[in-house]
Engineer: 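Here it is, the structure, as structure tokens.
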Amino acid sequence: TFYRTSSEGKLGNPDLTWERARKANAGFDIHLWNDKIHLTADWFHESRNDILTNRSSVPVIVGASMPAYNLGRMVNWGFDGEINWFDRAGNVNYWVKATFTFARNRIRYMDEAEKRYAYQASTGQRYHQCFGLIADGFYNTWAEVNDPNRPVSMWNNNRIQPGDVKYKDVNGDGVIDSYDFVPIGYSDFPEISYGISFGGNWKGFDVSVLFQGASHVSFNASKKSKRGFMEDGSAVSYLKDYSWTPERYESGADIKFPHLSADAAQTHNYQNSTLWIRDAAYLRLKNVEIGYTLPAHIMRKIGLQSTRIYINGTNLATWSGLFPGEDPEIPTYSDSDYEPYPIMKTVNFGLSLSF
């Protein structure tokens, strides 16, 4: 039997208003040496108030679902620039372009519950700042595990064994728990992005190359990248080459990961920490294209205005500190319960005809 009921939803807020921003910008644009060099640079500063945000400091005894309020305040500042160089050497025309952007933000105010420790507050940090434990190596022997001075882990009922991650007890209370989470790394959005492209043409041949990169950005490893095993039976091969084992520890091998475990209840080793939230700075060879345009006087004899043959490639190479299969450009999520689709490397051949 079903009964009709009613319930009170989220409260209304009749005082909602627009966000407000104060912006400042200064820049210059310079052309030098008969337009061979173009240089553009800008500095910007933006203070944004009345950002729509939810309250987090309201106690549960209020007994109501609170609406969003215009409470948030943030500041953004940085600079960007671009330089272009166009020149000619004999029959070769060539160009080089480079761009650089630095943009940093800070949360000036957000309604958050008062933290026991100031270092856990999001106010004053970057937007989407990563928080986690500080990994301090591994427990390598039973003597270390059974040390009476070892901090107690709130995860796995303190059942620690050799090969588990050792964490820093930040607040010194003898317990490794959420109160030891501190800001680590950066946010998942890069503060620095840059690119450089160059190319030229000579007697019908043309080439262009594009590199792009980013820095001051953090990557949170996915569930599969951490554990190495998934419900579908697939595994990450590189984990076995760097995971803790007694033999690898005794031989002095390079160990980057805790012992492998397919146990879903094993949560101590897989907390957000400096072990899994890693530097995602990268440089990528984004695009290369080589082409040849056949002579126009020949093409006109067969009724064509122009004919160009080309080959190009995308995502040809990436240099980063991440492991195989991890793409620094794919967004990450705090719960790590996701599996990103690997980046695709493509090579194309083409023929362009104009009638």
Engineer: Are the side chains of Asp50 and Trp18 in touch, meaning some heavy atoms are under 4.5 Å apart?
Structural biologist: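 The answer is no; the side chains never approach within 4.5 Å.
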Engineer: Quick one, Asp327 with Arg284, criterion side chain to side chain contact (heavy atoms under 4.5 Å, CB included). Give me CA distance, side-chain angles, the key distance, then yes/no.
Structural biologist: CA-CA 10 Å; Asp327 181 9; Arg284 170 165 288 162; 2.9 Å; yes
Engineer: Check whether any side-chain heavy atom of Gln266 sits under 4.5 Å from a side-chain heavy atom of Asp164, and report yes or no.
Structural biologist: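 Side-chain contact under 4.5 Å: yes.
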Engineer: Between Asn158 and Arg150, does any side-chain donor sit less than 3.5 Å from a side-chain acceptor?
Structural biologist: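 Asn158 vs Arg150: donor-acceptor pair found between side chains.
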Engineer: Taking the six-membered ring of Phe86 as reference, does the NZ or CZ atom of Lys36 fall below 6.0 Å from its centre and within a 45° cone about the axis?
Structural biologist: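 No, Lys36 does not sit over the ring of Phe86.
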Engineer: Give a yes or no on this: more than 12 heavy atoms of other residues, nucleotides or ligands lie within 6.0 Å of atom OH of Tyr127.
Structural biologist: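 Result for OH/Tyr127: open.
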Engineer: Counting C-beta onward and ignoring hydrogens, is there a side-chain heavy-atom pair between Pro258 and Leu275 closer than 4.5 Å?
Structural biologist: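 Yes, their side chains come closer than 4.5 Å.
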Engineer: Between the side chains of His38 and Glu82, does any donor sit under 3.5 Å from an acceptor?
Structural biologist: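 Side-chain D/A pair, His38 to Glu82: absent.
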Engineer: With side chains defined as the heavy atoms from C-beta onward, is the minimum distance between Asp180 and Asn171 less than 4.5 Å?
Structural biologist: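 Sidechains of Asn171 and Asp180: in contact.
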Engineer: Whether the side chain of Gln120 engages the backbone of Ser178 through a donor-acceptor N/O pair (distance < 3.5 Å, no angle test) should be reported.
Structural biologist: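 Pair found, side chain donor or acceptor close to backbone of Ser178.
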Engineer: Taking it one step at a time, do Ser208 and Trp95 satisfy side chain to side chain contact (heavy atoms under 4.5 Å, CB included)?
Structural biologist: CA-CA 9 Å; Ser208 62; Trp95 51 267; 4.1 Å; yes
Engineer: Just say parallel, tilted or perpendicular for the rings of Tyr167 and Trp155, cut-offs at 30° and 60°.
Structural biologist: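 If you compare the ring of Tyr167 with that of Trp155, the planes turn out perpendicular.
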Engineer: Would you name the heavy atoms of Leu351 and Ile309 that are closest together and state the gap between them?
Structural biologist: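 Answer, listing the atom of Leu351 first, then Ile309: CD1-CG1, 3.7 Å.
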Engineer: Check whether any side-chain N or O of Asn93 sits under 3.5 Å from a backbone N or O of Arg88 as a donor-acceptor pair, and report yes or no.
Structural biologist: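 Judged by distance alone, no pair lies under 3.5 Å.
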Engineer: Determine the sole option in Arg22, His45, Glu46 for which the side-chain contact (heavy atoms from CB on, under 4.5 Å) test with Val75 is passed.
Structural biologist: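 Running side-chain contact (heavy atoms from CB on, under 4.5 Å) over Arg22, His45, Glu46 with Val75 returns exactly one hit, His45.
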Engineer: Name the orientation class of the two ring planes belonging to Tyr94 and Trp85 (parallel below 30°, tilted from 30 to 60°, perpendicular beyond 60°).
Structural biologist: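 The arrangement is perpendicular - the two ring planes meet at more than 60°.
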Engineer: Given 3.5 Å as the limit, does a donor-acceptor pair link the side chain of Thr314 with the main chain of Asn287, or not?
Structural biologist: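 Not at all, since once roles are kept as given, no pair shorter than 3.5 Å links the two residues.
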Engineer: Determine, stepwise, if the pair Tyr139 / Ile160 fulfils side chain to side chain contact (heavy atoms under 4.5 Å, CB included).
Structural biologist: CA-CA 8 Å; Tyr139 292 102; Ile160 302 299; 3.6 Å; yes
Engineer: What are the two closest non-hydrogen atoms of Val165 and His268, and how far apart are they?
Structural biologist: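 The pair with the smallest heavy-atom distance is O-NE2, 2.8 Å.
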Engineer: Do the side chain of Gln129 and the main chain of Gly185 share a donor and acceptor less than 3.5 angstrom apart?
Structural biologist: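 Looks like yes, one N/O pair under 3.5 Å.
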Engineer: Is the Trp43 to Phe28 ring centre distance short of 6.0 Å?
Structural biologist: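 No: the rings miss the under 6.0 Å criterion.
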Engineer: Could you pull out the closest heavy-atom pair between Tyr282 and Tyr194, with the gap in Å?
Structural biologist: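 Looking at all heavy atoms of both residues, the shortest contact is O-OH, 3.2 Å.
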Engineer: Can you name the nearest heavy-atom pair linking Gln271 to Trp276, along with the distance?
Structural biologist: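 Closest pair (atom of Gln271, atom of Trp276, distance): O-CD1, 3.3 Å.
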Engineer: Taking the six-membered ring of Tyr186 (Phe, Tyr or Trp), confirm whether the NZ or CZ of Arg126 is under 6.0 Å from its centre and within 45° of its axis.
Structural biologist: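 Because its charged atom misses either the 6.0 Å distance or the 45° angle limit, Arg126 does not stack over Tyr186.
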Engineer: Going only through I, L, V, M, F, W and Y residues with side-chain contacts under 4.5 Å, is there a path from Phe79 to Ile196?
Structural biologist: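 Yes.
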Engineer: Checking Glu191 against Ser215: is there a side-chain donor and acceptor pair closer than 3.5 Å?
Structural biologist: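 On atom types as modelled, these side chains do not qualify, holding no pair under 3.5 Å.
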Engineer: What's the shortest heavy-atom distance between Leu210 and Ser197, and which atoms?
Structural biologist: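 Of all heavy-atom pairs spanning Leu210 and Ser197, the closest is CD1-CB, 3.9 Å.
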Engineer: Check Ala68 against Leu16 and note the closest heavy-atom contact, atom names and distance.
Structural biologist: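 Looking at all heavy atoms of both residues, the shortest contact is O-CD2, 3.5 Å.
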Engineer: Could you walk me through whether Phe131 and Ser122 pass the side chain to side chain contact (heavy atoms under 4.5 Å, CB included) check?
Structural biologist: CA-CA 9 Å; Phe131 283 79; Ser122 294; 4.2 Å; yes
Engineer: Under 6.0 Å from the ring centre and within 45 degrees of the ring axis: does the NZ or CZ of Arg308 meet both conditions for the six-membered ring of Tyr292?
Structural biologist: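 Geometry flag: not set, cation outside 6.0 Å or 45°.
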Engineer: Taking Asn49's backbone N and O only, do any of them form a donor-acceptor pair with Arg73's side chain (distance below 3.5 Å, no angle check)?
Structural biologist: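 Side chain of Arg73 to backbone of Asn49, a donor-acceptor pair under 3.5 Å: no, none is there.
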Engineer: Determine whether the side chains of Asn70 and Thr17 contain a donor N or O and an acceptor N or O closer than 3.5 Å.
Structural biologist: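 There is no such pair (donor and acceptor under 3.5 Å, judged by atom type) between the side chains of Asn70 and Thr17.
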Engineer: Indicate, with yes or no, if the rings of Phe257 and Phe323 have centres closer together than 6.0 Å.
Structural biologist: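 Here the rings of Phe323 and Phe257 have centres that are less than 6.0 Å from each other.
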Engineer: Can Lys256 be said to sit on top of Tyr242's aromatic six-ring, NZ or CZ under 6.0 Å from centre and within 45° of the ring axis?
Structural biologist: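 Geometry flag: set, cation within 6.0 Å and 45°.
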